[in-house]
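See structure below.
To find a chain, count down the sequence lines: A is the first, B the second, and so on, and within it residues start at 1.
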Amino acid sequence: MCLGIPGQVVDIVDAEQSLAKVDVNGVRRTISVRLLADDNLRVGDWVLVHVGFAMAKIDEREAAMTLDQVQKMGENYQQEIDAFIDSEIA
Amino acid sequence: MKFVDEFRDPAAARALVKSITELAGDGEFKFMEVCGGHTHTIYRHGIEHLLPEAVELVHGPGCPVCVIPMGRVDDAMWLAEQPGVIFTTFGDMMRVPGSKGNLIEAKARGADVRFVYSPLDALKVALDNPDRHVVFFAVGFETTAPSTAVTLVRARALGVKNFSVFCNHVTIVPPIKAILESPDLRLSGFLGPGHVSTVVGLRPYRFVPEVYGKPMVVAGFEPLDILASVHMLLQQIREGRCEVENQYTRVVRPEGNTQALKLMAETFELRPHFEWRGLGFISQSALKVHSDYAEFDAERKFEMPGVRVADPKACQCGEVLKGVIKPWECKVFGTACTPETPIGTCMVSPEGACAAYYNFGRLHRETAQLLGQRA
């Protein structure tokens, strides 16, 4: 549960409700970007995704490194991605 | 993967290790990594075997799954078994043993236990099941607590009446203080947690150098981050400095995430005390749902048993969590207690020191012993 997985913002779904769609290694889901309300997020930005929330804005280099690192976790990464695939937020 | 290659450059690692070895000299340094994510990186990459004898890394209490005491798991199972309740939890918590089994077993007995990726998923379950009451089992340090905070705010905005949070969020500073006060352990400094610090920033750690005279470096999760942070700690000590430094500047801002902190202050209040598995009661170390959000507080809604349960005698999670012993020094490690059938929480989560060591560390250690290196 402590994993932070990099995702790229592909759509601002609802600016008022702070919802954005992110692409995590090919899987697209809606997450909350409420915690980055001060960061002026745009499509194309990279964020660290944790339990359905963008918790930090990161750059592309950090995203690539983190993705590689979490993928090495094997089963734990796969469980996280499976959970992300099933995610449907309110 | 150009970025990755650049950041995993073996030559850079060798240069850092050489410089660490020179700085450490014939001293004796014991650094604690507070965060379970760091423990995972260290065991996964065999970092402790790269370091000179003079530098020892000890593992701290920073795995939120590992520190939940048995009594709270029992309460969670009690909640899950109440009529009309849908109990939602992160997958990691499903296998954490209470005194009467775990949530998987409760589910097998007929309780409606569902695993969710996000607290907002739990809220969605509540919206989809208006005739049931949905409880979310909230665990985690300041990394995760803001997510619960936003969920509470959203639940109110949506006027949801059938949702509550069983709040077990904990805070990172009190256990660090408890460890610094503990006579068992003489630490030379800390590797500060990465993700927690994206939320809380650097200021809450100032007491570590100012009151206890120990340096602290907030570290990233790459193997090179860990080496660079150890290097920064040694540099501070050798230069006679003692401060909080940030190695993980790529992600952590000194001020933290002010939005997250504001939302947490709005939705949570400090508990006077909270029990930590293996560490006992620590004052002001956990969060409860704020009285302004009482209608979403499972502890106010349900008359929970709240019985305190002693840790299993055989289990030495407490000593592992304080860094007093290494995972393999525990009597039941790898025999009675394995990731498949954990007795202690440290064996449950991939960030737990015992599980990380069981999965990776022992192989590195065996290899190091074979090669006659430090083991």
Side-chain angles (χ1 to χ4, degrees), chain A residues 1-6 14 16-19 24 27 29-39 41 46-90, chain B residues 1-4 6-8 35-37 40-41 44 62-65 90-93 115-127 139-141 143-144 146-147 149-151 153-155 157-158 160 194-195 198-199 220-223 250-253 257-260 263 349-351:
Chain A
M1 59 160 281
C2 276
L3 284 187
I5 299 187
D14 184 338
E16 204 181 315
Q17 300 298 328
S18 303
L19 300 176
V24 173
V27 182
R29 286 292 175 275
T30 299
I31 63 164
S32 169
V33 291
R34 175 66 184 83
L35 300 173
L36 300 186
D38 296 337
D39 289 61
L41 272 194
W46 288 88
V47 292
L48 212 48
V49 183
H50 171 67
V51 302
F53 288 78
M55 62 180 289
K57 194 165 151 180
I58 53 179
D59 64 19
E60 192 187 354
R61 167 195 155 105
E62 180 66 19
M65 285 196 305
T66 309
L67 184 65
D68 184 70
Q69 179 84 340
V70 292
Q71 281 176 336
K72 286 218 176 77
M73 293 182 81
E75 194 192 335
N76 298 319
Y77 170 73
Q78 199 47 52
Q79 282 169 3
E80 189 80 3
I81 289 295
D82 290 346
F84 181 71
I85 289 171
D86 289 339
S87 172
E88 201 184 334
I89 66 171
Chain B
M1 286 286 121
K2 57 182 169 154
F3 300 123
V4 177
E6 174 196 338
F7 216 78
R8 302 248 168 87
C35 167
H40 190 99
T41 301
R44 158 128 233 155
C63 162
V65 176
F90 293 133
D92 285 12
M93 292 308 295
F115 117 75
V116 289
Y117 171 67
S118 166
L120 283 175
D121 288 349
L123 188 60
K124 177 78 166 60
V125 175
L127 290 171
V139 296
F141 283 91
T143 318
T144 316
S147 315
V150 174
T151 304
V153 172
R154 183 131 176 87
L158 293 170
V160 180
H195 291 155
T198 62
V199 175
F221 296 93
E222 290 286 319
R250 310 189 301 275
V251 177
V252 173
R253 296 177 198 160
N257 183 327
T258 43
Q259 282 287 342
L263 284 157
S349 157
E351 284 97 18

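- The side-chain heavy atoms of A:Leu35 and B:Leu263, taken from C-beta on, include a pair separated by under 4.5 Å.
- Ionic pairing of B:Asp121 and A:Arg29 is not present here: no N-O contact between side-chain nitrogen and carboxylate oxygen is shorter than 4.0 angstrom.
- Residues A:Gly52 and B:Tyr117 approach most closely at N-CE2, 3.2 Å, considering heavy atoms.
- Residues B:Gln259 and A:Leu36 have side chains not in contact (no heavy-atom distance under 4.5 Å, counting atoms from C-beta outward).
- The shortest side-chain heavy-atom distance between A:Gln69 and B:Thr41 falls under the 4.5 Å cut-off.
- The heavy-atom pair separating B:Glu222 from A:Met65 by the smallest distance is OE2-O, 3.4 Å.
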Quiz prompt | side-chain contact (heavy atoms from CB on, under 4.5 Å) between A:Asp86 and B:Phe115, worked out | solution = CA-CA 10 Å; A:Asp86 289 339; B:Phe115 117 75; 5.7 Å; no
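- Neither the backbone nor the side chain of A:Asp82 comes within contact range of chain B; no heavy atom of the residue lies under 4.5 Å from a heavy atom of that chain.
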Quiz item: Taking it one step at a time, do B:Phe221 and A:Thr66 satisfy side-chain contact (heavy atoms from CB on, under 4.5 Å)?
Solution: CA-CA 8 Å; B:Phe221 296 93; A:Thr66 309; over 6 Å; no
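- With a 4.5 Å cut-off on non-hydrogen atoms, A:Ile31 does not touch chain B at all.
- For A:Gln79, no part sits under 4.5 Å from any heavy atom of chain B, backbone or side chain.
- In the model, B:Thr143 has no side-chain atom that pairs as donor or acceptor with a side-chain atom of A:His50 under 3.5 Å.
- Residue A:Val51 comes nearest to B:Pro119 through the heavy atom pair O-CD, 3.8 Å, listed as atom of the first residue, atom of the second, then distance.
- In this structure, the portions of A:Asp38 lying under 4.5 Å from any heavy atom of chain B include both its backbone and its side chain.
- Contact of the A:Phe53 side chain with the B:Thr144 side chain is not registered, since no non-hydrogen atoms from C-beta on lie closer than 4.5 Å.
- For chain B, the nearby parts of A:Phe84 are the backbone and the side chain; heavy atoms of each come within less than 4.5 Å.
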